[in-house]
Enquirer: 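Before we start, here is the structure in question, set down as structure tokens.
Chain A is the first sequence line, chain B the second, and so forth, proteins listed ahead of strands; every chain is numbered from 1. What you are looking at is a predicted structure, and each value in this text was computed from that prediction instead of being measured.
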2 protein chains.
Amino acid sequence: MTTITAPAETGHDHGRCVDGALGRAEALCASRGARLTAIRRQVLELVWSGHRPRGAYAILDDMAVEGKRVAPLTVYRALDFLVEQGLVHRIESLNAYIGCPDPDHAHPGQFLVCRECGNAIELNDARVSAAIDACARDQGFTVDRTTVEVRGLCTTCRNSLA
Amino acid sequence: MTTITAPAETGHDHGRCVDGALGRAEALCASRGARLTAIRRQVLELVWSGHRPRGAYAILDDMAVEGKRVAPLTVYRALDFLVEQGLVHRIESLNAYIGCPDPDHAHPGQFLVCRECGNAIELNDARVSAAIDACARDQGFTVDRTTVEVRGLCTTCRNSLA
DNA sequence: AGCGTTATGTAACTATATAACAACGATGAG
DNA sequence: CTCATCGTTGTTATATAGTTACATAACGCT
Ligand SMILES: [Zn+2]
Ligand SMILES: [Zn+2]
Ligand SMILES: [Zn+2]
Ligand SMILES: [Zn+2]
């Protein structure tokens, strides 16, 4: 199984994309009895403002109105909640966060991150997971969490640089 | 091919371990015309002070003598050099650095990091690399660099917690 | 309403990393 | 050997990322 999110499809209607994500989040939280409060919802929406990972402080800036800034903690708490619920993934190599297109099914998170456009494509490839699990098993290592992040150049950017 | 470093072998003589790493570094830099200066050598030695990833500021503390501290930049510059030469890997999920046991052959870096003892085992498993490359190819993505980090519990710690 | 739990506010602080510019020092050409 | 050059290091300031401690407010149940 390989699930793919295409961030920069031609004709991509991002408003719809965000609405879908927020809708799934509402439903998921409701079904779990988790509270998607106003702040958490706003942070989730801001994480989804594009398909490139967004840093906590960028979100913090987004939330400022008329010189009034929320505290970093407010954002980090919301992000912690969203990550816990699987609505958002953290990209370790960028210290940034990105919305998950498929929060209903638990999965690690494997990402291709373009160095030019900054977009991140989420994969969840069974071959990769299986290979990692096999290695861990060989070492007698019990896996909690895996981080797979690939930096490089996406198709679109490669073509446009040619 | 699966290369393994066992950080916590019983009877592991760490002095020898460090000497070996420094020797390989000397030879490698000499063969490349790269300059392993006193500072760089010291930072490499401190990275190798154990088999757990060490943060830049921890190294900075290590280097302080009688209240005299070097600047962060000094450490970061040395680490940049060491990473560039493949003598050290950066662990993204910990913002920390660890010595590479096999700097002579270029390789990404795949790590199992124990949540209890903090030790990191470096793997370089061809199955994992192949699976990732295949995914990237499927997406038309050109790979620069891959980050594979697995967090969990090592054999030793699992047994001692039992 | 009363009460425990969960979420948010506020402030100060720690940790991680980079920028800009000056000074030093090894190396090689002349 | 001397000077010019380039890579390395020093110094100071600043940017970015994340946490601790404690107070207050909202919610959800009885
Ligand atoms: Zn996901
Ligand atoms: Zn791109
Ligand atoms: Zn290595
Ligand atoms: Zn362990």
Side-chain angles (χ1 to χ4, degrees), chain A residues 25-26 29-44 46-47 52-85 87-98 118 147 149 151, chain B residues 25-26 29-30 32-47 52-85 87-98 118 147 149 151:
Chain A
E26 297 277 12
C29 287
S31 82
R32 286 178 184 165
R35 289 160 61 187
L36 186 62
T37 63
I39 288 182
R40 290 166 176 176
R41 200 188 141 91
Q42 184 188 10
V43 170
L44 179 59
L46 291 168
V47 166
R52 66 182 59 180
R54 195 144 186 81
Y57 279 71
I59 291 169
L60 206 149
D61 290 342
D62 295 341
M63 292 174 81
V65 277
E66 300 165 24
K68 299 269 180 187
R69 299 174 66 75
V70 301
L73 197 49
T74 303
V75 173
Y76 280 106
R77 285 198 278 224
L79 288 170
D80 286 347
F81 170 86
L82 296 169
V83 168
E84 232 165 68
Q85 297 297 323
L87 294 165
V88 160
H89 295 285
R90 174 177 164 88
I91 308 293
E92 299 290 349
S93 57
L94 296 174
N95 298 328
Y97 300 82
I98 191 166
T147 300
E149 295 167 12
R151 183 144 188 94
Chain B
E26 296 276 12
C29 288
R32 287 177 183 163
R35 288 160 58 188
L36 186 62
T37 62
I39 289 182
R40 290 168 176 174
R41 199 188 142 92
Q42 185 188 9
V43 170
L44 179 59
E45 189 170 355
L46 290 168
V47 165
R52 66 182 58 180
R54 194 143 187 79
Y57 279 73
I59 291 168
L60 206 150
D61 290 342
D62 295 341
M63 292 174 79
V65 277
E66 299 166 23
K68 299 268 178 187
R69 298 173 67 75
V70 301
L73 206 53
T74 303
V75 173
Y76 280 106
R77 286 197 278 226
L79 288 170
D80 286 349
F81 170 86
L82 295 170
V83 168
E84 233 164 67
Q85 297 296 324
L87 295 165
V88 160
H89 296 285
R90 174 178 163 87
I91 307 295
E92 298 290 349
S93 57
L94 296 175
N95 298 327
Y97 301 81
I98 190 167
T147 300
E149 293 167 14
R151 183 146 187 93

Enquirer: Please tell me whether B:T147 and B:E92 have a donor and an acceptor in their side chains that are separated by less than 3.5 angstrom.
Expert: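 Their side chains do not contain a donor-acceptor pair, so the 3.5 Å distance test is not met.
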Enquirer: What is the distance, to the nearest angstrom, from the CG atom on A:N95 to the C1' atom on D:dA15?
Expert: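 In whole Å, D:dA15 C1' and A:N95 CG are 13 Å from each other.
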Enquirer: The side chain of B:P72 lies closest to which of these nucleotides: D:dC27, C:dA17, D:dG18?
Expert: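 Closest nucleotide among those given: C:dA17.
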Enquirer: Can you see if the side chain of B:R35 gets near the phosphate of D:dT9 - specifically, an N or O under 4.0 Å from OP1 or OP2?
Expert: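 For D:dT9, neither OP1 nor OP2 has a side-chain N or O of B:R35 closer than 4.0 Å.
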Enquirer: Any N or O donor-acceptor pair linking the side chain of A:R77 to the base of C:dG9 at under 3.5 Å?
Expert: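 Under the 3.5 Å cut-off, the side chain and the base do form a donor-acceptor pair.
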Enquirer: What's the CD-C1' distance between A:E84 and C:dA7, to the nearest Å?
Expert: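 Interatomic distance, CD of A:E84 to C1' of C:dA7: 13 Å.
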Enquirer: Does any part of the side chain of B:L87, heavy atoms only, come nearer than 4.5 Å to the side chain of B:V47, both counted from C-beta?
Expert: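 Not in contact.
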Enquirer: Indicate, with a heavy-atom threshold strictly under 4.0 Å, whether B:R41 touches base, sugar-phosphate, or nothing.
Expert: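 No contact.
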Enquirer: With a 4.0 Å cut-off on heavy atoms, is B:R40 in touch with a base, just the backbone sugar-phosphate, or nothing at all?
Expert: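 Sugar-phosphate: the residue B:R40, judged by heavy atoms under 4.0 Å, touches backbone atoms but no base.
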Enquirer: Looking at C:dA17, does its base get a donor-acceptor pair with the side chain of B:Y57 below 3.5 Å?
Expert: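 Result: at least one qualifying N/O pair found.
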Enquirer: Could you tell me how far apart B:Y97 (OH) and C:dT16 (P) are, to the nearest whole angstrom?
Expert: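 It works out to 10 Å between those atoms.
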Enquirer: Without decimals, in angstroms, what is the distance between B:D80 CG and C:dA19 P?
Expert: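 Those two atoms, CG and P, are 11 Å apart.
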Enquirer: Check the distance between C:dA15's P and B:Y76's OH and give it to me in whole angstrom.
Expert: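 In whole Å, C:dA15 P and B:Y76 OH are 12 Å from each other.
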Enquirer: With a 4.5 Å heavy-atom cut-off, do B:L36 and B:F81 have their side chains touching?
Expert: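 Yes; the side chains approach each other to less than 4.5 Å.
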Enquirer: Roughly how many Å is it from CG in B:L82 to C1' in D:dT8, rounded to a whole number?
Expert: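 About 14 Å, once rounded to whole Å.
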Enquirer: Name the one of A:D62, A:D61, A:L60 that satisfies side-chain contact (heavy atoms from CB on, under 4.5 Å) with A:L46?
Expert: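 Of the listed options, the one satisfying the test is A:D62.
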Enquirer: Quick check against the 3.5 Å criterion: does A:R32 have a side-chain atom that pairs as donor or acceptor with the backbone of A:Q85?
Expert: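 Yes; judged by distance alone, with no hydrogens or angles, the pair exists.
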Enquirer: From CG of A:L60 over to P of C:dG9, roughly how many Å is that when rounded to an integer?
Expert: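 Atom CG in A:L60 sits about 12 Å away from atom P in C:dG9.
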Enquirer: Would you kindly give the CG-to-C1' distance between A:L73 and D:dT16, to the nearest whole Å?
Expert: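 Interatomic distance, CG of A:L73 to C1' of D:dT16: 17 Å.
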